Number of protein chains: 2
Amino acid sequence: MPTSTRFAVSVHILAALAVNEGTPVRSEDLARSASTNSAVIRSILCRLAKANLTTSQLGAGGGALLARNADSITLLDVYRIVEDDEIFALHRCAPDENCVVGKNIQAAMLPTLDRARQALEAELNAVTIANIADTIAEKGRFTIPWEG
Amino acid sequence: MPTSTRFAVSVHILAALAVNEGTPVRSEDLARSASTNSAVIRSILCRLAKANLTTSQLGAGGGALLARNADSITLLDVYRIVEDDEIFALHRCAPDENCVVGKNIQAAMLPTLDRARQALEAELNAVTIANIADTIAEKGRFTIPWEG
DNA sequence: ATAAGTGTATGTATATTAATTACACTCTTT
DNA sequence: AAAGAGTGTAATTAATATACATACACTTAT
């Protein structure tokens, strides 16, 4: 099963807020940039706000803002906030306790699955929204406008 | 979104075949052990067989068998065979090319996502079906029958 | 006071998984 | 040779999650 696109969209949102340092960005503009619907953006912003990564200014001229420094937000923070499920799913129903394999398979796998998850998380933890925003700015710097 | 249970069930199947060294195991018995349906087991066995991890003996007394040494099969092999999707999903629709963020966000994220995936895969690659089968046997050895 | 924009709810389409049933084909056993 | 066992595969169904879309009340700036 695929993982949701929420993680990618969330990083997109936060990077956009970092790039627009200080000025509020409307959910509609974020939606256009991420090729999705403003309700989807607002739903994600809701989660990010509850986790104190963003705030929103209501009313005219309002929009979303970073609530923290971009270099204090790691991709792991984002991943944990918006991704609901474990990376590895186990059996839907508990295996047969009366079978040696069924009784012990999950405990036998767990240490490996944990190490794998931790290794993945360590990489996500090493990169911040500021890093992503910088990379975007750097790449943008070399875009030649008249070629697209 | 959750990943499928196919991976866990596949490891379960292969570990069971390793434990039952040499004697064919019916899909129905595997299904009971894994608390699922025999058609689900056969569907997974079909994939494993196509990848030359297992073979099947038709007819009476038949069942599934390992086609390779259990210590030559890593969890990463299994993961790649039965898990269809990438760990990280990107935007469902391509982001807006006319926006600096939209144009560069995916390229900016990719190196990190790649490193994270590789770190996860390295851990899965370090453990074999033989390791899992050994752990199961070890745990089973200390099961006290009259207490469960 | 008005318009802008968020926060939230609701309904819908789509996709994937897994459960279930069914059946033809192959092989072993007798 | 016949019968039964078991696989390989397809089709159907139910459950679940995502993302899209629309709508509306509430809050804030102008």
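All chains are named by letter (A, B, ...) in the order of the sequence lines, taking the proteins before the strands, and each is independently numbered beginning at 1. Please read these numbers as outputs of a predicted model, since none were measured by experiment.
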Sugar-phosphate atoms are those with a prime plus P, OP1 and OP2; base atoms are the rest. Using that split, label each nucleotide of nucleotides 21-30 of chain D B, S or - for protein heavy atoms under 4.0 Å, 5' to 3'.
BBB---SBS-
Under the side-chain hydrogen bond (donor to acceptor under 3.5 Å, both in side chains) test, which residues partner A/Ser33, sequence neighbours left out?
A/His12
Check the distance between [N]'s [atom2] and [X]'s [atom1] and give it to me in whole angstrom.
| X | N | atom1 | atom2 | result |
| --- | --- | --- | --- | --- |
| A/Ile44 | D/dA19 | CD1 | C1' | 10 Å |
| A/Phe88 | C/dT17 | CZ | P | 16 Å |
| B/Glu28 | C/dA19 | CD | P | 15 Å |
| B/Arg26 | D/dA5 | CZ | P | 10 Å |
| A/Asp85 | D/dA17 | CG | P | 7 Å |
| A/Ile13 | C/dT6 | CD1 | P | 11 Å |
| A/Asp84 | D/dA17 | CG | P | 9 Å |
| B/Leu30 | D/dG8 | CG | P | 12 Å |

Please tell me which of B/Lys50 and B/Gly62 maps to the more 5' nucleotide of DNA chain D, matching each residue to the nucleotide holding its nearest heavy atom.
B/Gly62
DNA chain D: 5'-proximal contact among A/Arg92 and A/Arg47 (nearest heavy atom)
A/Arg92
What pairs meet the side chain to side chain donor-acceptor pair (under 3.5 Å) rule with one or both residues in residues 63-74 of chain B, with sequence neighbours excluded?
B/Thr74-B/Asp77, B/Thr74-B/Asn125
Side chains of [X] and [Y]: does their closest heavy-atom pair fall under 4.5 Å?
| X | Y | answer |
| --- | --- | --- |
| A/Leu14 | A/Thr54 | yes |
| B/Leu90 | A/Thr5 | no |
| A/Phe88 | B/Glu83 | no |
| B/Ile132 | B/Thr128 | no |

Listing request: all salt bridge (charged side-chain N to carboxylate O under 4.0 Å, His left out) pairs with a residue in residues 39-64 of chain A, at least two apart in sequence or in separate chains.
A/Arg47-A/Asp84
Sort and list the pairs that fulfil salt bridge (charged side-chain N to carboxylate O under 4.0 Å, His left out) and have at least one residue in residues 107-132 of chain A, not counting sequence neighbours.
A/Arg80-A/Glu121, A/Asp114-A/Arg117, A/Arg115-B/Glu123, A/Arg117-A/Glu121, A/Glu123-B/Arg115
For D/dG8, take OP1 and OP2 only and decide whether either is under 4.0 Å from a side-chain N or O of B/Ser56.
yes
Can a side chain N or O of A/Ser27 be found less than 4.0 Å away from OP1 or OP2 on C/dT6?
yes
Linking I/L/V/M/F/W/Y whenever their side-chain heavy atoms sit closer than 4.5 Å, directly or via other members, would B/Leu65 and B/Leu53 fall into one cluster?
no
Considering only heavy atoms, which members of residues 18-25 of chain B lie under 4.0 Å from some atom of DNA chain D?
B/Val25
